[in-house]
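Taking it in order: structure first as structure tokens, then the write-up.
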Amino acid sequence: MKLTKIVCENCGGNLNIKVLSHINDQEVTCSYCGATFIANAKHSIIGAQREVELERVKELQKKEASKAEWEFRAKQEERKLNTKIILGLTIFIVVGILILSIGAYFESHPSGVKITANQSDFKGEQYQLVKDKLTDMGFENVETEKVADLTLGILSSEGDTKEVTINGDNDFKKDDYFDEKSIVKIYFHVFKD
């Protein structure tokens, strides 16, 4: 690195000094007139000029180093912020996928009692067998009710199931889900009095 312009005291020509450190009794020769000078900061004009220039260069280097350090710190902070953003987005995506997966699981596996037969499959079966099946499925409130509608008993026998309702609904299908506390009623045929 070259210092700024230092001139010969004899002819005014530019002296070329490339060494930046302070060296006592350094001999400098002018390339124009051949004059020789001693470059010593304490005892010569050239040395003093050189000392001032060295201080200026050192200050400039400190400023550049400080600027580089602040730029490095700013980049580190930016990297930390980017890492936090990426981590936050990753956590958000993972939690979102987890919530969707849990929701899909519970949608495909709802809680409660799963019906294993259509409503029409119970018609004509003995009401006590139907009651046992519904209790085995997990229903806790299974009630029976007589329907006095038989005269001869040709098409249906006494005790045959006429209809099953769950919470008043008689249109349930196989694989439907209901709460185990639902009210299940089994209506069965009996002879008129």
Side-chain angles (χ1 to χ4, degrees), residues 1 20 56-193:
M1 171 186 278
L20 293 177
R56 190 188 68 74
V57 169
K58 285 179 184 177
E59 281 298 315
L60 184 63
Q61 288 175 338
K62 282 182 186 177
K63 286 180 182 176
E64 288 176 3
S66 177
K67 182 181 175 185
E69 184 178 341
W70 282 107
E71 287 174 358
F72 176 74
R73 287 182 181 177
K75 285 183 181 180
Q76 277 186 322
E77 290 300 319
E78 186 179 341
R79 279 191 212 114
K80 285 179 184 177
L81 180 63
N82 288 342
T83 301
K84 288 178 182 178
I85 290 171
I86 290 171
L87 182 63
L89 286 173
T90 303
I91 290 171
F92 178 76
I93 290 170
V94 168
V95 168
I97 290 171
L98 186 63
I99 288 170
L100 289 174
S101 298
I102 290 170
Y105 174 80
F106 282 113
E107 191 174 304
S108 64
H109 298 88
S111 63
V113 177
K114 180 179 179 182
I115 302 294
T116 58
N118 291 320
Q119 195 276 27
S120 59
D121 295 339
F122 295 123
K123 287 184 180 178
E125 274 193 64
Q126 279 294 310
Y127 79 94
Q128 194 58 46
L129 290 173
V130 172
K131 184 177 181 180
D132 291 343
K133 285 181 184 179
L134 291 168
T135 304
D136 289 344
M137 285 180 204
F139 287 108
E140 297 173 6
N141 299 319
V142 181
E143 301 172 3
T144 57
E145 191 171 313
K146 298 177 183 176
V147 179
D149 61 350
L150 291 179
T151 315
L152 300 173
I154 298 174
L155 298 176
S156 296
S157 302
E158 190 171 45
D160 286 351
T161 303
K162 177 179 182 179
E163 177 180 57
V164 176
T165 63
I166 302 173
N167 292 331
D169 179 18
N170 67 352
D171 192 29
F172 59 86
K173 297 177 186 74
K174 182 179 179 180
D175 298 330
D176 284 349
Y177 282 85
F178 290 94
D179 183 43
E180 56 270 351
K181 304 243 185 252
S182 298
I183 297 172
V184 180
K185 284 195 176 182
I186 303 169
Y187 297 93
F188 61 96
H189 300 285
V190 293
F191 285 104
K192 295 178 185 177
D193 291 332

- Message: How long is the straight-line distance from CD1 of I93 back to CD1 of I86, given to the nearest 0.5 Å?
- Response: 10.5 Å

- What heavy-atom pair brings L129 and E125 nearest, and what distance separates the two atoms? CB-OE1, 4.2 Å

- Task: Let me see the working for E163 and K185 under side-chain contact (heavy atoms from CB on, under 4.5 Å), right down to the final yes or no.
- Result: CA-CA 8 Å; E163 177 180 57; K185 284 195 176 182; over 6 Å; no

- Heavy-atom closest pair (L152 atom, F191 atom, distance to 0.1 Å) is C-CE2, 3.7 Å

- Query: What heavy-atom pair brings I166 and S182 nearest, and what distance separates the two atoms?
  - Reply: CG2-CB, 3.8 Å

- Item | Straight-line distance of D176 CG to K114 NZ, nearest 0.5 Å | 10.5 Å

- Message: Please report the interatomic distance CD1(I102) to CG(L98), rounded to the nearest 0.5 Å.
- Response: 4.0 Å

- Message: Looking at I97, is its backbone amide N or carbonyl O close enough to the side chain of S101 to form a donor-acceptor pair, meaning the two atoms are under 3.5 Å apart?
- Response: yes

- Task: For residues T116 and M137, report the shortest heavy-atom separation together with the two atoms involved.
- Result: OG1-CE, 3.0 Å

- Query: What distance do Q61 atom CD and R56 atom CZ have between them, rounded to the nearest 0.5 Å?
  - Reply: 10.0 Å

- Scan residues 73-86 for pairs that pass side-chain hydrogen bond (donor to acceptor under 3.5 Å, both in side chains), counting only residues two or more places apart or in two chains. E69-R73

- Message: Apply side-chain contact (heavy atoms from CB on, under 4.5 Å) to residues K173 and I115 and explain how you reach the verdict.
- Response: CA-CA 7 Å; K173 297 177 186 74; I115 302 294; over 6 Å; no

- Which is it for F122 and L134 under the side-chain contact (heavy atoms from CB on, under 4.5 Å) test, yes or no, and what are the steps along the way? CA-CA 10 Å; F122 295 123; L134 291 168; 4.0 Å; yes

- Message: Tell me whether N167 contacts the main-chain N or O of I183 through its side chain, where contact means a donor paired with an acceptor under 3.5 Å.
- Response: yes

- Task: Tell me, please, which residues at least two apart from F172 pass ring-ring contact (aromatic ring centres under 6.0 Å, His included).
- Result: none

- Query: Looking only at heavy atoms, what is the nearest atom pair of D179 and F139, with distance?
  - Reply: O-CE2, 3.8 Å

- Query: Rounded to the nearest 0.5 Å, how far does NZ of K123 lie from CG of D160?
  - Reply: 12.5 Å

Side-chain donor/acceptor pairs under 3.5 Å, residues 140-151, sequence neighbours excluded:
unit_1: E140; atom_1: OE1; unit_2: K181; atom_2: NZ; d: 2.9
unit_1: N141; atom_1: ND2; unit_2: K181; atom_2: O; d: 2.8
unit_1: D149; atom_1: OD1; unit_2: H189; atom_2: ND1; d: 2.9
unit_1: D149; atom_1: OD2; unit_2: H189; atom_2: ND1; d: 3.0

- Query: Rounded to the nearest 0.5 Å, what separation is found between the CD atom of Q126 and the CG atom of D132?
  - Reply: 11.5 Å

